[in-house]
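Scroll down for the structure; my scribbles are underneath it.
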Amino acid sequence: MAGRGSTRRWIRRALPADSSRGVARARASSNPAIQTTWIRGVCETNGIDIHYLRTGGAKYPVVLLHGLMGSGACWTPLARALEGEFDVVMPDARGHGGSSAPHHGYRYDDHASDVVGLIRGLELSRPVLLGHSMGGMTAAVVASRGAGVIRGLILVDPTFLSPERQREVRDSDVADQHRQALGLQKSDLVAQARARHPRRSPEIVELQAEARLKTRMGAFDVLTPPNPEYCDVVSAIDVPSLLVMGDSSPVVTLEMATELRRLNPRVRIEQVQDAGHGLPFQQPERLGEVVLSFLRQLA
């Protein structure tokens with residue numbers, strides 16, 4: 001299991017040119033959301049492969065971290081809004097998408113070490129790190145380590161849970177539901193999601209269905225308590241930070257956000273109306289506006 005002091009190998013390797021173009025074309029033909037000009041690559045770190053999408057260009061880098069059962073591609077709508085001004089990197093967390101699925105190592109420290117390895121492996125110069133849900137806690141842990149790795153932080157309804165809430169999530173049937181979902185066809189998942197979330201765009205629904213089918217069961221080990229103590233994590237962050245949550249989020253409430261700002265005055269708060277924990281999928285355009293405003297101030 002990789003930790004802070006572990007020795008890491010960083011190897012950048014682009015997918016073979018013909019293979020990369022073929023994959024991009026295949027994805028584009030079945031899912032127009034993925035831009036054919038975006039780069040697909042693999043970064044080896046901590047003994048595993050981290051697959052990523054990247055918009056590219058000589059622009060300031062921004063790294064987007066998805067939540068449990070997601071993938072880098074699920075950030076496509078936000079990446080499309082940012083790519084004109086920023087080089088957007090969208091990795092798949094271990095156990096998700098095209099990344100490796102080791103037998104163990106799914107705690108937040110492991111995910112955070114993977115992100116640091118990716119940043120160094122791709123030679124990203126102090127990027128801004130943005131994460132949602134599981135990716136939000138991962139981003140916060142990276143930021144709390146300091147060492148000048150990132151320049152700024154955006155947390156979108158991160159999994160800042162009390163110990164009691166952590167146990168509730170662990171003991172829920174979320175993992176069993178996923179095990180059953182893995183036996184379904186993509187069309188079935190899409191139909192179910194459209195029924196549950198009629199206001200979400202077809203693009204986002206399809207991206208999420210694809211991501212779910214590529215999420216391995218080992219990834220759910222991240223739900224095992226204890227999580228890092230989020231108050232300690234936020235207190236240790238020493239970069240400009242933005243905390244974004246929905247007005248109906250069951251995870252990060254306005255009261256919690258206000259307390260976190262008291263602990264760390266560098267944390268700004270933005271609340272998005274008509275959104276819950278699925279804020280990036282419920283209000284993608286509003287999230288894009290909020291994120292762009294913060295990034296432009298940093299850049």
Side-chain angles (χ1 to χ4, degrees), residues 62-79 90-97 99 106-112 114-115 129-144 153-162 165-170 172 174-175 177-178 181 193 196-197 200 204-205 207-212 214-216 218-230 233-234 241-253 256-257 260 267 269-272 275-284 286-288 290-291:
V62 179
V63 180
L64 309 183
L65 307 181
H66 63 79
L68 183 62
M69 296 183 285
S71 72
C74 289
W75 286 115
T76 295
L78 180 59
M90 299 156 275
D92 298 338
R94 55 171 62 200
H96 295 74
S99 293
Y106 291 94
R107 308 310 299 274
Y108 281 107
D109 275 344
D110 302 302
H111 286 296
D114 290 345
V115 173
L129 196 56
L130 181 155
H132 169 242
S133 191
M134 178 187 82
M137 174 62 91
T138 300
V141 172
V142 173
S144 71
L153 178 69
I154 303 173
L155 305 176
V156 183
D157 214 52
T159 48
F160 288 172
L161 305 175
S162 67
R165 181 61 177 148
Q166 290 176 41
R167 289 191 290 271
E168 289 177 8
V169 174
R170 176 201 60 190
S172 71
V174 61
Q177 288 183 11
H178 182 65
R196 288 195 306 269
H197 309 292
R200 293 188 186 182
I204 287 177
V205 168
L207 288 169
Q208 289 182 306
E210 290 178 358
R212 184 158 195 181
K214 293 181 180 179
T215 302
R216 277 74 90 194
F220 285 80
D221 287 349
V222 76
L223 301 180
T224 304
N227 285 3
E229 173 48 59
Y230 65 83
V233 170
V234 171
S241 302
L242 175 66
L243 177 61
V244 188
M245 69 281 189
D247 60 344
S248 59
S249 170
V251 181
V252 178
T253 64
M256 177 192 291
L260 293 176
V267 176
I269 301 170
E270 187 79 36
Q271 189 176 53
V272 175
H277 186 60
L279 191 158
F281 318 117
Q282 296 165 333
Q283 296 289 351
R286 178 56 182 149
L287 178 62
V290 170
V291 169

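How far OG of S172 is from CG of L223: 7.0 Å, rounded to the nearest 0.5 Å.
Using a distance-only test at 3.5 Å, with no hydrogens or angles considered, a donor-acceptor pair links the side chain of Q166 to the main chain of N227. A distance-only check finds no donor-acceptor pair linking the side chain of R107 to the backbone of P228 [under 3.5 Å]. In this structure a side-chain-to-backbone donor-acceptor pair under 3.5 Å is present from T138 to M134. Remark: side-chain polar atoms of R216 are paired, donor with acceptor, to backbone N or O of K214 under 3.5 angstrom.
Listed here is the closest heavy atom pair of C74 and A211: SG-CB, 3.7 Å. Here the closest heavy-atom approach between residue V141 and residue S144 is recorded as O-OG, 2.7 Å. Minimum interatomic distance between V174 and V169 (heavy atoms only, all atoms of both residues): CG1-O, 4.1 Å.
Every residue two or more places apart in sequence or in another chain that forms a ring-ring contact (aromatic ring centres under 6.0 Å, His included) with H66 is listed here: H96. For F220, the ring-ring contact (aromatic ring centres under 6.0 Å, His included) test picks out H178, with sequence neighbours left out.
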Could you pull out every donor-acceptor pair under 3.5 Å between side chains of residues 241-251 and any protein atom, sequence neighbours left out?
residue	atom	partner	partner atom	Å
S241	OG	V239	O	2.9
D247	OD1	D274	N	3.0
D247	OD1	A275	N	3.1
D247	OD2	D274	N	3.2
S248	OG	A275	O	2.8
S249	OG	D157	OD1	2.7
S249	OG	D157	OD2	2.9
S249	OG	V251	N	3.0
S249	OG	V252	N	3.2

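Using bins of under 30°, 30° to 60° and over 60° for the plane-to-plane angle, the ring pair H132/W75 lands in the perpendicular bin.
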